[in-house]
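Note sheet for the following structure.
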Amino acid sequence: MKDLKTPGRPWTSSPSARALGALVAVLLLGALFNAEGAFFKWGTHRDMLRAVSVFGILACGMTGVIISGGIDLSVGSILALASVTFSLLTIHWHWAAPWAVLACLGVGMACGLCSGALVAKAKMQPFIATLAMMVFARGLAKWVTGGEKISQAVKQSDGTFAYVDLPPLFKWIDSRILYDNISVVTLVFLTCLLLCWVLLNKLRAGRYIYAVGGNEEAARLSGVPVGLIRIVTYGVSGLCCAVAGMCQACQEYQGDPEAGAGYELSAIAMVVIGGTSLNGGKGSIWLTLIGVLTIGYLDKILSINAVGEDKRLMLTGIIVVAAVLLQKSRR
Amino acid sequence: MKDLKTPGRPWTSSPSARALGALVAVLLLGALFNAEGAFFKWGTHRDMLRAVSVFGILACGMTGVIISGGIDLSVGSILALASVTFSLLTIHWHWAAPWAVLACLGVGMACGLCSGALVAKAKMQPFIATLAMMVFARGLAKWVTGGEKISQAVKQSDGTFAYVDLPPLFKWIDSRILYDNISVVTLVFLTCLLLCWVLLNKLRAGRYIYAVGGNEEAARLSGVPVGLIRIVTYGVSGLCCAVAGMCQACQEYQGDPEAGAGYELSAIAMVVIGGTSLNGGKGSIWLTLIGVLTIGYLDKILSINAVGEDKRLMLTGIIVVAAVLLQKSRR
Amino acid sequence: AKKAEQDGLTIGMSQCNLGEPWRVQMNADIQQAASTHPEIKVIFKDAQNDTLKQRAQVEEFISAGVDLIIISPKEAAPLTPVVAQAYAKGIPVIVLDRRVLGDQYTCFIGADNVKIGRAAGQWLVTHLDPGAKLVELKGLMTSTPGQDRHTGFMEGIKDANLNIIFEADMKWLEANARKEMESALARFDRIDAVYAHNDPGAHGAYLAAKAVGRESAIKFIGIDALPQEGQVYVEQGILAASFEYPTGGQEAIDTALKILKGESVPKEITLSSRIYEAKP
Amino acid sequence: MTTPLLQMKGIGKSFGANRVLQDVHLDLFAGEVHILAGENGAGKSTLINILGGVHQDYEGQILLDGTARQFKSVLEAARHGIAVIHQELSLVNTLSVADNLFLGREVCRWSWLQRTSMLAQARQWLAALDLDIDVTCPVEQYPVGIRQMIEICKALSLQSRIMVMDEPTSALTEPESQRLFGLIDTLKQRGVGIIYITHKMEEIYRIGDRITVLRDGQAIGTARSHLLPQDTLVTWMVGRTIQEQFPNHAPHTGEVCLQARHFTVPDPDRRGACVVDHVNLAVHAGEIVGVAGLQGSGNSALLNGLFGTFGRRVQGDVQINGRPYTAFSPGHSIARGMALVTNDRKTTGLIASMNIIQNVTLASLKAFCEGGFLQPKAERRAAAQQSRALNLKASSLNEDMDCLSGGNQQKVVLAKWLETRPRILLLDDPCRGVDIGAKHEIYELMTRLCTEGVAIVLVSSEMPELLCMSDRILVMHRGQVTLALNRDEATQEKILYAALGKRNNA
Ligand SMILES: Nc1ncnc2c1ncn2[C@@H]1O[C@H](COP(=O)(O)OP(=O)(O)OP(=O)(O)O)[C@@H](O)[C@H]1O
Ligand SMILES: Nc1ncnc2c1ncn2[C@@H]1O[C@H](COP(=O)(O)OP(=O)(O)OP(=O)(O)O)[C@@H](O)[C@H]1O
Ligand SMILES: [Mg+2]
Ligand SMILES: [Mg+2]
């Protein structure tokens with residue numbers, strides 16, 4: 001076994017190096033079209049990070065689901081549900097923040113576990129199970145709020161509105177720390193990222209997630225509790241949605257039952273652009289981070305240059321393709 | 001080896017029987033909540049068929065893509081692009097209908113072939129390639145129209161609007177035939193269904209589509225032109241989008257660059273609810289028809305009962321899960 | 001303002017989304033109005049219906065140092081702080097169409113959806129016989145305009161003997177409106193009028209009725225009256241009436257010029273709405 | 001002398017930095033069977049993949065009838081009359097048998113499929129192999145052995161001048177192999193040249209005219225088979241001599257370890273029917289019980305049922321060490337000291353997207369965890385130890401599965417199960433595709449495990465393996481045990497007879 005050394009593959013062929021290449025290409029684009037230097041200000045990057053955090057949190061949970069071979073279309077709706085629940089509990093019902101946070105996490109996780117159970121126990125295709133959850137959770141969010149936004153303006157019995165104070169947590173989450181250099185939501189995102197990294201790379205459950213995504217039958221025969229692992233991945237995704245929903249509520253100062261529409265595609269895109277395969281079994285949370293940054297910067301660059309809607313969409317399509325092709329060509 | 005004859009399975013365990021079961025369950029629901037008999041009128045069914053036709057046409061193309069192991073997220077955007085192209089050519093530029101139709105089909109197919117080439121030649125994941133096309137085609141549709149709808153009101157150089165006549169084709173496609181008993185768009189849908197059936201079940205290319213979806217590597221070793229087949233499936237899907245886009249334009253009497261947003265999820269859902277697996281290699285166009293009808297009826301039943309938006313969403317989620325579970329339990 | 005002398009004035013316009021024709025029209029109106037003033041340049045940004053994106057855009061305008069900001073906000077509460085921030089930095093802010101909270105802005109220009117809804121209701125009261133049966137096709141009911149157009153309408157028909165027999169959420173989309181109207185037609189043999197929260201909705205309902213030959217028995221009314229949409233429909237007799245919901249684009253540029261010239265402007269400008277009616 | 005049908009000259013090939021073939025020569029005459037032998041990972045499959053047009057970037061030359069050819073695709077190779085049966089099954093499982101047989105060359109009129117004529121033709125081809133199966137059923141409904149036969153049928157039906165068979169009998173039972181050999185003889189008479197890769201010694205001498213041995217990517221030598229004694233062949237292959245292929249193995253019978261009474265596995269497809277029908281089985285510690293049976297006999301299902309693969313669907317009572325046990329999941333069985341090496345490493349054994357270390361530790365991952373956290377160092381150590389013990393050939397332990405040769409993949413599967421330190425080892429064709437040297441090591445390992453008191457159930461399609469390794473042999477037919485034999489009374493004939501369902505002749 002003398003030949004069991006680590007292989008001398010060129011580092012450029014590793015997935016992360018390739019994904020990084022795409023990110024660097026987008027950054028170069030930013031440096032080129034810097035909107036009169038705006039791209040070189042830290043504030044621009046800080047704002048980009050803030051804007052992308054909610055998506056990033058969703059993408060963290062999505063990464064586990066996708067590695068396990070599933071997909072979660074319900075993230076946007078669960079986000080909305082969590083955001084209205086949180087606003088309702090804290091603004092209208094005046095719950096203390098810790099309890100409200102716990103309740104929200106519970107709601108998000110319950111939804112995730114529910115999708116997970118449909119996939120794992122009832123053997124539904126993940127696409128259908130989470131699509132159903134997507135529709136259901138959106139309906140629930142609308143039903144809970146009666147179709148209105150949960151904001152500081154609280155309707156009184158006589159039909160007028162009274163303005164109540166926002167709980168301090170809202171302000172805090174929406175603020176920036178470290179001498180205004182980083183948004184709190186970005187830190188929340190980084191924390192989620194770290195936790196998911198621990199789950200996927202350091203814990204036994206993480207190894208099982210990769211195994212289930214790689215070959216479900218072989219994993220089952222090796223004693224991996226496949227059903228449980230699937231349920232866990234969706235549960236974690238639900239948790240991430242709840243966190244993202246609360247962040248969204250804090251940043252919008254309200255709970256909007258229409259929030260997060262279409263976020264599922266963005267979150268999946270971020271995971272997949274990093275290089276994680278939708279076939280499952282491969283990928284990593286770092287690739288997701290790179291994907292999140294790539295999309296985030298792309299958006300930001302187009303935005304600071306005030307590119308018109310039509311051209312912005314066309315450019316997004318073209319640049320995404322170019323970035324992914326760049327990843328491939330180095331293989 | 002006589003004992004290896006595969007046993008005669010009960011017909012109830014065939015995928016189509018199971019999918020039919022779900023449809024019948026939804027129909028029973030309709031019979032139960034018939035909105036004062038409205039559900040028993042042929043007009044209701046005819047209208048349902050009309051409303052579902054555009055989705056159905058998209059689902060036809062999607063079926064081939066999904067059986068070949070891919071996915072097409074760009075259908076809604078290509079629909080919009082085709083619809084504005086068609087309106088522009090016929091209403092504003094006064095092209096003769098056949099040329100306009102051909103040009104539209106060309107545009108749709110070009111978009112589809114483009115996604116297909118990205119998947120087959122550049123080896124991009126279908127999700128990313130078609131997502132990029134989805135964004136790009138939407139941008140293109142907006143760019144072509146300047147973000148506005150293409151309708152009978154044509155802007156003059158002095159900023160006022162002049163009204164032009166609609167080409168007869170619009171009226172015809174939006175009409176009904178056979179003594180008012182069936183909409184022309186429904187016939188268009190059925191024609192697409194038939195053509196896709198011929199492609200998938202009667203032609204060599206169809207066999208290859210199943211083979212590529214079932215086991216790409218084995219198909220390649222057997223000499224199947226895998227790349228070409230993939231490109232063809234996306235091209236066909238693009239064609240279907242073009243047809244759907246023209247139908248949509250004719251029904252709305254205008255080309256709307258925002259049309260078809262979110263249709264991709266509906267179309268995929270229809271294919272998958274029929275029982276076609278997103279893993280590829282399995283499924284059929286008849287299952288798609290059943291899926292289209294299931295979703296169409298579900299929608300219609302909720303609509304004629306004037307169920308509120310929130311409850312409608314929740315019920316949709318629950319009924320979809322129930323219908324799919326019903327399919328499974330018979331296995 | 002210093003660089004204004006050399007290369008003119010820059011106005012940042014943040015639109016909350018460009019998916020609705022009415023908002024496309026608003027941008028077009030602003031562009032049109034600005035084009036007659038070569039000294040001003042308008043930068044358009046579109047927030048794709050995302051509050052947080054819109055917030056980021058206003059931040060970008062602030063750091064780019066534009067001379068004036070026009071914002072048509074998606075949401076009141078979440079955009080209030082960032083508008084206030086710009087205002088505090090001395091950048092005048094014109095808020096268009098939807099409001100922000102408090103008074104940390106220069107000027108609000110907008111029409112009143114409740115009032116327009118009420119006008120629509122009252123119009124039906126005068127044009128229908130008592131006991132008439134109505135269908136209401138609502139815009140997205142989680143959106144403020146949808147809620148206001150509903151509230152106003154209910155006020156308008158409050159005392160009259162009109163029944164809403166069918167209502168559905170069509171989410172501003174013509175295809176949905178047509179589908180819902182088909183259901184209503186299947187269920188009810190008598191429908192006298194359809195009130196849709198926007199003109200495409202009313203048009204979709206009209207097409208559904210026309211398909212079953214019942215369009216002449218029903219009065220269709222809508223809101224927005226865009227020149228290439230509602231006004232056409234009214235002119236062609238498809239809609240009985242359409243109630244203009246002005247974009248305020250022209251007014252915004254006029255006001256902006258006044259502000260930039262140092263003139264004082266009112267804190268609130270309410271736009272008047274016109275009714276477009278079909279000739280009998 | 002006539003020009004050879006095929007000459008491969010100076011073939012070389014590397015995957016990245018990994019040199020796999022180096023200056024290999026091979027020639028093939030019409031009407032001969034040329035055996036390609038060598039250890040796992042020697043480069044045999046790579047060589048024939050080059051011939052079959054799978055790899056296009058190689059060094060050297062391929063001459064057909066003396067003319068140099070360069071195949072740009074599989075299709076082009078096929079057009080020149082080269083048919084390949086690949087080592088890993090390459091059928092489209094979701095397609096029907098007939099569709100698979102005709103894949104890539106459907107009978108069409110203006111690209112319109114001619115279904116009836118294809119079905120008739122397919123039935124005819126299968127009948128030639130004495131295979132009577134429903135050609136409209138998806139391939140995935142048939143067990144591996146049948147699939148292998150379908151694949152052989154597909155290659156035969158190509159009517160090629162050069163047939164390449166990469167371990168075609170690895171999943172076949174004795175009678176099926178015999179039938180294949182009969183066919184090979186007819187092909188030879190028709191002047192077809194055959195390249196045949198196998199790890200089974202008897203086969204080499206049964207059908208081979210000439211033998212070429214590869215080692216570490218280099219051709220060690222070519223010889224006529226009757227001039228190459230087995231010892232020399234083995235030395236050529238593994239570079240050392242192996243005295244006796246099957247180690248001397250005396251039973252260490254202890255307590256009854258695994259006992260099943262009236263064990264029944266219902267057929268998922270036919271209500272009321274059973275794949276395993278009231279089987280009684282007792283395995284003592286330190287004993288190897290062999291289970292023989294043809295395709296569809298239910299021997300694989302018996303092992304899977306005992307292991308819990310089918311969940312609670314099985315009936316009958318099972319006892320482990322005298323305590324009743326209901327197998328409801330593989331995880332549960334592993335915790336009770338059971339291990340199952342399945343007979344299809346690709347679909348049920350390996351996780352292709354994971355590296356060697358991760359595959360090896362997967363089934364025993366709990367032992368490599370502290371408080372749920374993985375211990376990568378311990379994992380690497382264990383994997384290194386196992387791969388050394390099994391003589392795994394790989395450039396690194398971080399290598400992905402698809403970079404390993406077939407036999408080495410099998411070794412990874414074995415390593416995975418040995419790492420769980422099982423007390424009851426269920427082996428379903430454990431030596432499928434394993435080279436002779438490694439086979440020897442696996443047999444020694446089994447013997448050693450027996451002395452340590454492990455109970456082993458061995459299902460095997462290789463008769464010599466079964467006869468030499470088992471202490472007792474059960475023969476199954478259609479789910480039932482038709483014969484039970486002790487080691488000394490077992491003969492190949494008796495087993496075959498019982499396996500065909502002829503009960504009375506014991
Ligand atoms: N696609 C690949 N990428 C990288 N290395 C590969 C690839 N395929 C094979 N190899 C390496 O090439 C060597 C030869 O493999 P090959 O499959 O030809 O062996 P083999 O002689 O057929 O062995 P076996 O008897 O086990 O089938 C092995 O060391 C393997 O690791
Ligand atoms: N209850 C069951 N649920 C699911 N699958 C089953 C069940 N019973 C049997 N099978 C499947 O049926 C197949 C037939 O088993 P059998 O033991 O007859 O195979 P075999 O004759 O040993 O053939 P081979 O060893 O080539 O696979 C098994 O491979 C098993 O996967
Ligand atoms: Mg091999
Ligand atoms: Mg077996």
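Both backbone and side-chain heavy atoms feed into the values below; hydrogens, waters and symmetry mates do not. Computed from a predicted model, the values in this text were never measured in an experiment. Each chain gets a letter, A, B and so on, in the order its sequence line appears, and its residues count up from 1.
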Contacting moiety of [X], where chain A heavy atoms sit under 4.5 Å:
X        : value
D:Thr342 : side chain
D:Phe368 : neither
D:Ser364 : neither
D:Ser329 : neither

CA sep, side-chain torsions, deciding dist, call: A:Glu216, A:Arg230, salt bridge (charged side-chain N to carboxylate O under 4.0 Å, His left out): CA-CA 10 Å; A:Glu216 173 167 354; A:Arg230 283 207 186 288; 2.8 Å; yes
If you count heavy-atom pairs under 4.5 Å between each of A:Ala218, A:Pro225, A:Gly281 and chain D, which one has the most?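 Highest number of pairs under 4.5 Å: A:Ala218.
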Between A:Asn279, A:Val198, A:Asn215, which shows the greatest number of heavy-atom pairs under 4.5 Å with chain D?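 The answer is A:Asn215.
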Are D:Phe15 and D:His55 close enough that their ring centres sit under 6.0 Å apart?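 When the ring centroids of D:Phe15 and D:His55 are compared, they turn out to be within the sub-6.0 Å range.
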Less than 4.0 Å between a side-chain N and a carboxylate O, is that true for D:Glu419 and D:Arg421?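 Salt bridge: yes.
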Under-4.0 Å salt bridge between A:Arg207 and D:Glu379: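 Here A:Arg207 pairs with D:Glu379 in a salt bridge, since their nearest N and O are under 4.0 Å apart.
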Salt bridge (charged side-chain N to carboxylate O under 4.0 Å, His left out) for D:Asp216 and D:Arg19? Distances and angles first, verdict last. CA-CA 9 Å; D:Asp216 291 333; D:Arg19 189 108 191 118; over 6 Å; no
Taking every non-hydrogen atom, the tightest pair across A:Gly283 and A:Thr276: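 Answer, listing the atom of A:Gly283 first, then A:Thr276: CA-OG1, 3.5 Å.
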State, to 0.1 Å, how close A:Met133 and A:Ser74 come at their nearest heavy-atom pair, and which atoms those are. CG-CB, 3.6 Å
Top contributor to chain A contacts, counting heavy-atom pairs under 4.5 Å, from [options]:
options                      : result
D:Asn359, D:Ile334, D:Leu365 : D:Leu365
D:Leu350, D:Val413, D:Asn18  : D:Leu350
D:Lys346, D:His332, D:Gln358 : D:Gln358

Side chain from CB out, backbone as N, CA, C, O: work out which of these in A:Asn201 comes under 4.5 Å of a heavy atom of chain D, or both, or neither. backbone
